[in-house]
Amino acid sequence: WPQETKELNTFYPTSVLVTGFDIIFFWVARMIMMGLKFMGNVPFREIYIHGLVRDQDGQKMSKSKGNVLDPIDIIDGIELEELVTKRTTGLMQPQMAARIEKSTRRQFPDGIRPYGTDALRFTFAALATTGRDVVFDLGRVEGYRNFCNKLWNAARYVLMNTEGQDTGLKDDALFELSLADRWIDSRLQATVKTVNESLRHYRLDLAAQAIYEFLWSEYCDWYLELSKPVLTEATASEAACRGTRRTLVQVLETVLRLAHPIMPFITEEIWQRVAPLAGVPGETIMLQSYPQTDAKRIDEAAEAEMNWVQQVLLGVRRIRAEMNIAPGKPLPVLLANGTESDWQRLADNYVYLTRLGRLSAIDWLNPDNAEPESAIALVGELKILIPLAGLIDKDAEIARLSKEIEKLRKELIKSEAKLENSDFINRAPAAVVAKERDRQQEMRQAVTRLDEQLQRMQRL
């Protein structure tokens, strides 16, 4: 640089250097020293240091090892023979070709299927932890491709229920927001806050995790299901339907903008159809403002009430799974030990509970009556009882439980013998011994739980 550029010493660059930790001294430190020497200033003030990408076995990816994966091959897919040729051509150590070919054929017997750009980008964002290594596994890419599919299918559901419908965009449009509408909007504000804070601190992994959990667990798994009773019940008012349609498109449009930097292609495609329904003008999502938290829309009361609804439904689902009851079988439910708040919440959310829980009825147990033999779940002090008489085949369930208990007890005896063996304790790594102890404890708890169920069955 010319000497006269020293007069630029008041210039503060805003660019960020992105680099791996292994070349901090070789490049980063030298660039800083050269900037100070010739410019009188550093060339950058923020450095994002990422880990080294390693293969699924923890080995550093390198051409000589033949374990490099071309991102284009993951995006578009590649046939096995083409992949073998690509990995064994131009090697620095040609004698490694046979071993690399064998390894490639074993690891990718069918080649690599196409996963798409967004799935790969989201994978790298989710793996961008503060550690020194990024252990890359195609299984993670497949998981995030499923996430992209989940978002696509959610958008299809939203469009199916909102295109050509009134989404409450008119100034004089009357709409009512249900508990689910207020809850999902409140959760969206919390997610927006988390993502913004994470990006501000270069925690791409935490930003990706927050987007994933909101879209998959809260928006798709809960809110879309909660919207169905409103949109399909004949007794629902037009104002309530309008409020749900409005929430469906506005929340989706916002979360598309939130995820766009990580998943640019699928979010753009969906946004083009969702934005007009949400009343958002513009030609492309790329030029839209990034979402910011609106504290006024955080509704703690709605979150607390929806948490109660979720815990009741999860309790019913847990009983179904433990008692081997078919998911679609309508169940009668009794409630006991409820507070005034529980009574009110049941009255307000009866439709949610019966529809999503596939319940035939929900009644309060008379305090003067004895509790029938039931499977029980607890939500605070509230007891959820599902009477078992006539609900399941008693003899078949006793046989199933007995067989499962016998199997677990045999495994438990083996585990106890292993932990009583001094050779195993002294020679095995501490982590392996600890894992075996944890496994033993889990089996004991499972046996206790199954014994309780068996006794309950025998008392019917």
Decide, yes or no, whether a salt bridge links Glu416 with Arg444 under the criterion of side-chain N to carboxylate O below 4.0 Å. yes
d(Glu322 CD, Arg317 CZ) to nearest 0.5 Å is 14.5 Å
Does the Lys NZ or Arg CZ of Lys150 fall within the cation-pi geometry relative to Tyr219 - under 6.0 Å from the ring centre and within 45° of the axis? no
Note: Thr191 and Ala210 closest approach over all heavy atoms is CG2-O, 3.7 Å
In terms of heavy-atom contacts, Pro43 and Gly35 come closest through CD-CA, 4.3 Å
Is any side-chain heavy atom of Ile270 closer than 4.5 Å to a side-chain heavy atom of Val158? no
Worked verdict on Thr247 versus Tyr223 for side-chain contact (heavy atoms from CB on, under 4.5 Å): CA-CA 10 Å; Thr247 304; Tyr223 179 66; 3.4 Å; yes
Verdict with reasoning, Leu378 to Ile384, per side-chain contact (heavy atoms from CB on, under 4.5 Å): CA-CA 6 Å; Leu378 295 175; Ile384 304 168; over 6 Å; no
Does a donor on one side chain sit under 3.5 Å from an acceptor on the other, for Arg87 and Thr104? yes
Can Glu406 and Arg409 be counted as an ion pair, charged N to O under 4.0 angstrom? no
Residue pair Arg355, Glu225: steps toward the salt bridge (charged side-chain N to carboxylate O under 4.0 Å, His left out) verdict: CA-CA 9 Å; Arg355 285 287 298 272; Glu225 294 302 316; over 6 Å; no
Would you say Thr293 and Gln189 are linked by a side-chain donor-acceptor pair, where the criterion is simply a distance under 3.5 Å? no
So do Ile47 and Val28 actually touch side chain to side chain, heavy atoms under 4.5 Å? yes
For Ile325 and Lys329, which heavy atoms make the closest approach, and how far apart are they? CG2-CD, 4.1 Å
So which atom in Phe214 and which in Arg187 form the shortest heavy-atom distance, rounded to 0.1 Å? CE1-C, 3.8 Å
Could you go through Leu188 and Glu218, starting from their C-alpha distance and side-chain angles, then the distance that decides it, and tell me whether this counts as side-chain contact (heavy atoms from CB on, under 4.5 Å)? CA-CA 9 Å; Leu188 174 63; Glu218 296 180 319; over 6 Å; no
So that I can tick it off, tell me whether Arg203 and Asp205 are bridged by a salt bridge, with the cut-off set at under 4.0 angstrom between side-chain N and carboxylate O. yes
Check this for me: Arg358, atom CZ, are more than 12 non-hydrogen atoms of other residues, nucleotides or ligands nearer than 6.0 Å? no
For residues Glu268 and Gln272, is any side-chain donor paired with an opposing acceptor at under 3.5 Å? yes
May I ask you to test the Leu226-Tyr352 pair for a side-chain heavy-atom distance under 4.5 Å? yes
Salt-bridge contact Arg105-Glu101 (side-chain N to carboxylate O under 4.0 Å): yes
Look at the aromatic rings of Trp216 and Tyr212 and report parallel, tilted or perpendicular, splitting at 30° and 60°. parallel
For Arg182, what residues pass the salt bridge (charged side-chain N to carboxylate O under 4.0 Å, His left out) criterion, not counting sequence neighbours? Asp299
Measure the spacing between CE of Met96 and OG of Ser103 and express it to the nearest 0.5 Å. 9.5 Å
For Glu79, does the CD atom sit with more than 12 other heavy atoms under 6.0 Å from it, leaving out its own atoms? no
Keeping the roles fixed (side chain from Asp73, backbone from Gly77), state whether a donor-acceptor pair exists under 3.5 Å. no
May I ask you to check whether over 12 heavy atoms, not counting those of Glu269, lie within 6.0 Å of atom CD? no
Would you tell me whether Asp451 and Thr448 have side-chain atoms, one donor and one acceptor, within less than 3.5 Å of each other? no
Under the side-chain contact (heavy atoms from CB on, under 4.5 Å) criterion, do Glu142 and Arg113 qualify, and how do the steps go? CA-CA 9 Å; Glu142 183 169 2; Arg113 62 189 300 185; 3.8 Å; yes
Using a 6.0 Å cut-off, check whether atom CD of Glu283 has over 12 heavy atoms from anything other than its own residue. no
In chain order, what residues pass the side chain to side chain contact (heavy atoms under 4.5 Å, CB included) check against Glu213, with sequence neighbours excluded? Gln209
Exceeds 12 heavy-atom contacts within 6.0 angstrom, atom OH of Tyr48: yes
Run the salt-bridge test on Glu411 and Arg439 with the 4.0 Å N-O cut-off and return the result as yes or no. yes
Give me the atom names and distance for the closest heavy-atom approach of Arg245 to Asp166. NE-O, 2.8 Å
Non-hydrogen atoms of Ala125 and Ile262 that approach each other most closely: CB-CG2, 3.9 Å
Run the salt bridge (charged side-chain N to carboxylate O under 4.0 Å, His left out) test against Glu300 and tell me which residues pass, sequence neighbours left out. none
Just do the salt bridge (charged side-chain N to carboxylate O under 4.0 Å, His left out) check on Lys86 and Glu82 with the steps written out, would you? CA-CA 6 Å; Lys86 194 170 188 177; Glu82 186 181 353; 6.0 Å; no
To the nearest 0.5 Å, what is the distance between CD1 on Ile386 and CG on Leu331? 5.0 Å
Testing Glu303, Gln311, Glu305 one by one against Asn307 for a side chain to side chain contact (heavy atoms under 4.5 Å, CB included), which residue passes? Gln311
Flag if over 12 foreign heavy atoms under 6.0 Å of CE, Met160: yes
When rounded to the nearest 0.5 angstrom, what distance separates CG in Leu256 from CD in Gln288? 11.0 Å
Within a strict 4.5 Å, meaning less than it, do heavy atoms of the Ile74 and Leu138 side chains meet? yes
Apply side chain to side chain donor-acceptor pair (under 3.5 Å) to the pair Arg140 and Thr123, showing each step before the final yes or no. CA-CA 6 Å; Arg140 295 290 296 269; Thr123 301; over 6 Å; no
